[in-house]
2 protein chains.
Amino acid sequence: MSFDKLQELIKAKKNPTVAGLDPKPEYVPPHILRASLDKYGETLEGAADAILQFNKGLMDALCDVVPAVKPQSAYYERLGWQGMRALEETIRYAREKGLFVMADVKRGDIGSTAQAYSDAWLGKTRVGSADLPVFDADCLTINGYMGSDTILPFLETCRVEDKCLFTLVKTSNPGSGELQDMVAGDRVVYQVMGDLVQRLGKDDIGKYGYSRCGAVVGATYPSDLRALRKRLEHTFFLVPGYGAQGGTAEDVRFAFDKYGRGAIINASRSIMCAWQKTGHDGQDYQDAARAAAEAMRDDIKQFVTIL
Amino acid sequence: MSFDKLQELIKAKKNPTVAGLDPKPEYVPPHILRASLDKYGETLEGAADAILQFNKGLMDALCDVVPAVKPQSAYYERLGWQGMRALEETIRYAREKGLFVMADVKRGDIGSTAQAYSDAWLGKTRVGSADLPVFDADCLTINGYMGSDTILPFLETCRVEDKCLFTLVKTSNPGSGELQDMVAGDRVVYQVMGDLVQRLGKDDIGKYGYSRCGAVVGATYPSDLRALRKRLEHTFFLVPGYGAQGGTAEDVRFAFDKYGRGAIINASRSIMCAWQKTGHDGQDYQDAARAAAEAMRDDIKQFVTIL
């Protein structure tokens, strides 16, 4: 099942991290951006072409270092349908390169609409007599504020297509506690969400002990991360917040089980924009990204051994 | 400000309802679907063309009956970038017809990503020296589970662009209570979210007494709706759940203030798919949709008088 595949890619590359692909035109090295804007003008199409070329170059440089990529939909939506086309092509290219694709979209809606989102991102859309894959990621982030009946259609698609989910549980941003940390009875809200995710997944556990229902748990609240790892033993974690947001390798070690499994740590801008710190003109962006990804891997490996 | 504009459109059309545009290929009358699939094959492009033609026909029939349309992003995403192109064209067409456009996307993410979503849906994206509008809706639905720092970037874009938001507070689905009804101190979770929305909007109140920060409150829990109307006096409500989900005109009257203002009621499938109940072949879909929209308006007008 799908998290088994991710776990095996993590083991093969000895690297429990995922590279976020959240490109803005200003993150693209000037020689790439200029070529696209010369070709298409200062348009959404020009910007979408630039980020696609950038993404492909990044994946060429990273595909034997990282097991997975995580494109964040917002950065493609802001380039309109041309951006969404670049996202589709990014996902296709990632899969050709053997990378596990985590579409970070944080969708959530009532049943029939949740089903439509599932079709879009994980499943297939029926047109006439044809069943057509659309964005076709390996897994998806979702938001469960609306309740379990809004999560179940995604989960059903995961079962059919052998894919998986991460539901927001405890997020990494400064304001995450406003709602998520509220005390309700003997639990706080994010524990309720976490328990729900664990329960929804419990009948479908893969060979490493994890269900299809993962959770997003930020690195920036390490004691919460540690407690959730104990509480949700069958729940695979996607951990944002390492690096720029303040989470350290020492913090994120709490996300892993005793076999060094059950979690993947995200970094986005520190890898994508590594070229901006080399003092060069961006021609070296692939080397810079690869070096940053290797440094992150090695930083985490100080604290986590993957069996 | 933006909700004033909506309120004036509601008054002009004597109709506090919004038509959802959540099209699936199977909702499109056969003669339209066939023409598109004959032209483009059983492809996402063919289906996207069909839903765009259908949407335009619906808006032609509805634009002097309803003040607003609410396209639901999921139904466009499931047709890939071709669907997103149809969504852009749907929004552009709606604005040409003088309809207020509520993009139902329920996005939510950390600050920089929330800003990217705001650019996409409400604001502009910078490419080189150009600031380009993208989907350019009048207002947006968002999900605040992650906290107020994930709402603020949207609100800031609303101020700059004179637009507005609806944050999920109490949703209409059967499982909405799992999280939203949890008791936390002297409030339940959805009240906390509602109070947050009211507070974020309080310094920017329009001439009818409503801020830019609206709330989604379902029709299917009428006593909650009634209590929230009293509690959140400056918060404009978007009310789903009328019709197929079980909410009645008697229920939704609680969403309005004493002047019959401050809320808009959504219906989607009952209008879009009205032709399927006429017993005809779908050639009459415009008349059927218009009649359904008028019936809904008249149903609600029994209980609500707009001053």
Side-chain angles (χ1 to χ4, degrees), chain A residues 22 24-25 37 42-44 46-47 72 74-75 77-82 84-85 88 106-111 113-114 116-117 119-121 125-130 132 134-135 143-150 168 171-180 182-185 189 192-193 196, chain B residues 22 24-25 37 42-44 46-47 72 74-75 77-82 84-85 88 106-111 113-114 116-117 119-121 125-130 132 134-135 143-150 168 171-180 182-185 189 192-193 196:
Chain A
D22 311 359
K24 298 180 87 164
L37 299 192
E42 290 187 342
T43 60
L44 299 176
Q72 163 54 254
Y75 296 91
E77 290 174 40
R78 76 194 280 280
L79 302 177
W81 64 263
Q82 296 93 334
M84 297 306 275
R85 187 172 60 185
E88 276 187 41
K106 300 187 178 69
R107 300 299 194 255
D109 214 302
I110 62 169
T113 303
Y117 279 131
D119 296 344
W121 294 98
T125 293
R126 165 139 302 209
V127 178
S129 59
L132 307 171
V134 189
F135 289 99
N143 185 327
Y145 178 73
M146 295 175 71
S148 61
D149 54 334
T150 68
L168 297 182
T171 60
S172 60
N173 55 305
S176 72
E178 281 172 22
L179 221 89
Q180 298 164 27
M182 282 176 49
V183 178
V189 167
V192 174
M193 189 67 93
L196 174 64
Chain B
D22 312 359
K24 297 179 86 165
L37 299 192
E42 290 186 339
T43 59
L44 299 176
Q72 164 52 256
Y75 295 90
E77 291 175 37
R78 75 193 282 279
L79 301 177
W81 64 264
Q82 296 94 335
M84 297 306 275
R85 189 172 59 187
E88 276 187 40
K106 299 187 177 69
R107 301 299 194 256
D109 213 304
I110 62 168
T113 303
Y117 279 130
D119 297 343
W121 294 98
T125 293
R126 165 139 302 210
V127 177
S129 58
L132 306 171
V134 188
F135 289 99
N143 186 325
Y145 178 73
M146 295 175 73
S148 60
D149 54 334
T150 69
L168 298 181
T171 61
S172 61
N173 55 305
S176 72
E178 281 171 23
L179 222 90
Q180 297 163 26
M182 282 176 51
V183 178
V189 166
V192 174
M193 189 68 92
L196 174 65

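By convention in this document, chain letters (A, B, ...) are assigned in the order of the sequence lines, proteins followed by strands, and residues within each chain are numbered from 1. All of these numbers come straight from a predicted model, not from anything done at the bench.
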Greatest number of heavy atom pairs closer than 4.5 Å to chain B - which of S129(A), A47(A), G147(A) = S129(A)
Greatest number of non-hydrogen atom pairs under 4.5 angstrom with chain B, of R126(A), M182(A), Q82(A), falls to M182(A)
Under 4.5 Å from any heavy atom of chain A - which part of R107(B) | side chain
Looking only at heavy atoms, what is the nearest atom pair of A116(A) and Y75(B), with distance?
-> CB-CE2, 3.9 Å
Let me know if P174(A) has heavy atoms under 4.5 Å from chain B in its side chain, its backbone, both or neither.
-> both
Any side-chain heavy atom of D109(B) sitting closer than 4.5 Å to one from Q72(A)?
-> yes
Are the side chain of N173(A) and the backbone of M146(B) linked by a donor-acceptor contact shorter than 3.5 Å?
-> yes
Which bit of L37(B) comes within less than 4.5 Å of chain A, counting heavy atoms only: side chain, backbone, both or neither?
-> side chain
What's the verdict on side chain to side chain contact (heavy atoms under 4.5 Å, CB included) for T125(A) and L79(B), showing C-alpha distance, side-chain angles and the deciding distance?
-> CA-CA 7 Å; T125(A) 293; L79(B) 301 177; 3.7 Å; yes
Atom group of F135(B) that falls short of 4.5 Å from chain A, counting heavy atoms = side chain
In terms of heavy-atom pairs under 4.5 Å with chain B, which of S176(A), P25(A), G185(A), G144(A) leads?
-> S176(A)
Might you work through the side chain to side chain contact (heavy atoms under 4.5 Å, CB included) test for L179(B) and M193(A), ending with a clear yes or no?
-> CA-CA 8 Å; L179(B) 222 90; M193(A) 189 67 93; 3.8 Å; yes
Parallel, tilted or perpendicular: which describes the rings of W81(A) and W81(B), with under 30° parallel and over 60° perpendicular?
-> parallel
Which atoms of T171(A) come close to chain B, meaning under 4.5 Å heavy atom to heavy atom: side chain ones, backbone ones, both, or neither?
-> side chain
Taking the side chain as every heavy atom from C-beta outward, state whether V134(A) and L44(B) have any pair of such atoms under 4.5 Å apart.
-> yes
How close do G175(B) and D149(A) get, heavy atom to heavy atom, and via which atoms?
-> N-OD2, 3.0 Å
Comparing G46(A), A130(A), S148(A), A114(A) against chain B, the one with the most heavy-atom pairs below 4.5 Å turns out to be S148(A)
Roughly how far, to the nearest 0.5 Å, is OG1 of T150(B) from NZ of K106(A)?
-> 10.0 Å
What residue in G177(B), S172(B), G128(B) has the most heavy-atom pairs under 4.5 Å with chain A?
-> G128(B)
Would a distance-only check, ignoring hydrogens and angles, find a side-chain to backbone donor-acceptor pair under 3.5 Å from E88(B) to G80(A)?
-> no
From the list V192(A), V127(A), I110(A), the residue making the most non-hydrogen contacts under 4.5 Å with chain B is V127(A)
